[in-house]
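To find a chain, count down the sequence lines: A is the first, B the second, and so on, and within it residues start at 1.
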Amino acid sequence: EVQLVQSGAEVKKPGESLKISCKVSGYDFATFWIGWVRQTPGKGLEWMGNIYPGDSETRYNPSFQGQVTMSFDKFITTAYLQWRRLEASDTAIYYCARLPRLGRKMDHWGQGTQVTVSS
Amino acid sequence: DIQMTQSPSPLSASVGDRVTITCQASQDIGNSLNWYQQKPGKAPKLLIYDAYNLEPGVPSRFSGSRSGTDFSFTITGLQPEDVATYYCQHYDSLPLFTFGPGTKVDIK
């Protein structure tokens with residue numbers, strides 16, 4: 001069974017750093033993209049970027065380029081999304097999702113990680 | 001940039017009704033459109049990909065179609081468990097994924 005299990009909710013202060021995770025199982029980690037999606041009440045669902053563990057290729061939404069960093073650890077089949085300096089506007093639910101190599105659909109999703117940034 | 005608009009929102013219908021949601025692209029996108037269902041407090045779930053194709057395991061009462069830049073998502077025989085927000089999603093070759101604003105469906 002394909003599973004993507006995300007790390008728990010986070011409460012942070014502006015300026016702090018954060019790394020959230022997405023542990024996958026049930027398929028070959030190296031042969032599917034992992035995508036990240038942000039959800040906020042104001043802007044809805046926004047695609048942030050994809051990373052391909054097979055060759056480390058990354059594709060960022062220009063709106064998020066430079067704001068976040070995607071990475072992975074092949075040995076523990078886990079993908080990460082990282083911020084160096086959080087802002088209040090980063091408050092959102094973040095989802096990881098699996099995409100086939102052609103990358104046209106998000107066919108399995110994690111349960112989401114709530115990130116709250118507040119002073 | 002390609003813009004996606006969805007209608008109607010919200011939508012209220014009775015159990016057993018045929019419900020149709022429309023997503024319009026601002027320019028020709030071929031069949032590059034998916035549909036997702038999101039229930040309250042849950043992650044989105046893929047239902048239809050490439051405009052027409054039913055994702056494995058998804059009930060056959062869900063279907064998708066296309067006419068030019070207009071895409072339709074239909075529930076034939078609305079069930080209580082179909083209460084959710086439905087999103088269209090365009091993808092292009094960058095890749096770049098753009099979600100529509102969503103259509104909330106509830107039961108009358």
Side-chain angles (χ1 to χ4, degrees), chain A residues 1-9 20 22-24 26-27 32-52 57-65 70 81 92-114, chain B residues 1-7 9-10 21 23 25 29-58 62-64 66 71 73 84-105:
Chain A
E1 180 193 4
V2 173
Q3 287 194 311
L4 290 81
V5 179
Q6 297 185 232
S7 49
I20 63 174
C22 173
K23 164 73 176 173
V24 316
Y27 71 93
F32 289 81
W33 294 87
I34 293 289
W36 290 94
V37 174
R38 182 173 81 174
Q39 185 169 34
T40 59
K43 294 187 175 181
L45 294 166
E46 299 173 278
W47 171 72
M48 302 175 73
N50 294 346
I51 187 165
Y52 190 73
E57 184 176 359
T58 57
R59 305 280 182 92
Y60 285 94
N61 181 334
S63 297
F64 291 92
Q65 180 94 44
M70 297 180 293
L81 183 66
I93 299 174
Y94 292 87
Y95 293 100
C96 62
R98 187 187 83 159
L99 297 92
R101 184 63 178 105
L102 287 179
R104 300 201 302 254
K105 60 179 181 175
M106 298 176 181
D107 64 1
H108 287 84
W109 292 65
Q111 83 277 18
T113 296
Q114 172 71 55
Chain B
D1 285 6
I2 294 173
Q3 305 299 318
M4 309 300 299
T5 55
Q6 265 185 258
S7 61
S9 190
I21 298 166
C23 188
I29 60 171
N31 289 337
S32 305
L33 190 104
N34 304 324
W35 290 95
Y36 296 83
Q37 174 195 64
Q38 187 177 31
K39 296 184 178 180
K42 299 293 187 183
K45 176 186 175 184
L46 177 67
L47 300 180
I48 302 287
Y49 65 95
D50 295 345
Y52 297 94
N53 298 299
L54 194 67
E55 179 70 3
V58 173
F62 298 105
S63 63
R66 172 200 169 195
F71 296 81
F73 170 81
T85 300
Y86 293 85
Y87 295 92
C88 61
Q89 177 205 55
H90 162 58
Y91 59 86
D92 71 15
S93 56
L94 179 61
L96 183 67
F97 296 84
T98 305
F99 290 89
T103 294
K104 191 172 181 181
V105 174

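For A:Lys23, the NZ atom is densely surrounded, since the number of other residues' heavy atoms within 6.0 Å is greater than 12.
Between A:Leu45 and B:Tyr36, every side-chain heavy-atom pair lies at or beyond the 4.5 Å cut-off. A:Trp47 is not listed as a side-chain neighbour of B:Gln89, based on a closest heavy-atom distance of 4.5 Å or more. Between A:Trp109 and B:Gln38, the closest side-chain pair of non-hydrogen atoms is not below 4.5 Å.
Applying the side chain to side chain donor-acceptor pair (under 3.5 Å) criterion to A:Thr113, with sequence neighbours excluded, gives A:Gln6. For the salt bridge (Lys or Arg N to Asp or Glu O under 4.0 Å) test, residues two or more places apart in sequence or in another chain that qualify with A:Lys105 are B:Glu55. Under the rule for a side chain to side chain donor-acceptor pair (under 3.5 Å), the partners of A:Glu46 that lie at least two apart in sequence or sit in another chain are A:Arg38.
Near-neighbour residues of residues 41-50 of chain B relative to chain A, defined by a heavy atom under 4.5 Å from a heavy atom of that chain, comprise B:Lys42, B:Ala43, B:Pro44, B:Leu46, B:Tyr49, B:Asp50.
If you tally non-hydrogen atom pairs under 4.5 Å between each of A:His108, A:Lys43, A:Arg104 and chain B, the highest count goes to A:Arg104.
Rounded to the nearest 0.5 Å, atoms CZ (B:Phe97) and CG (A:Leu99) are 5.0 Å apart. The CE atom of A:Met106 sits 12.0 Å away from the OH atom of B:Tyr91 when rounded to the nearest 0.5 Å.
For A:Ile93, no part lies near chain B; criterion is any non-hydrogen pair under 4.5 Å.
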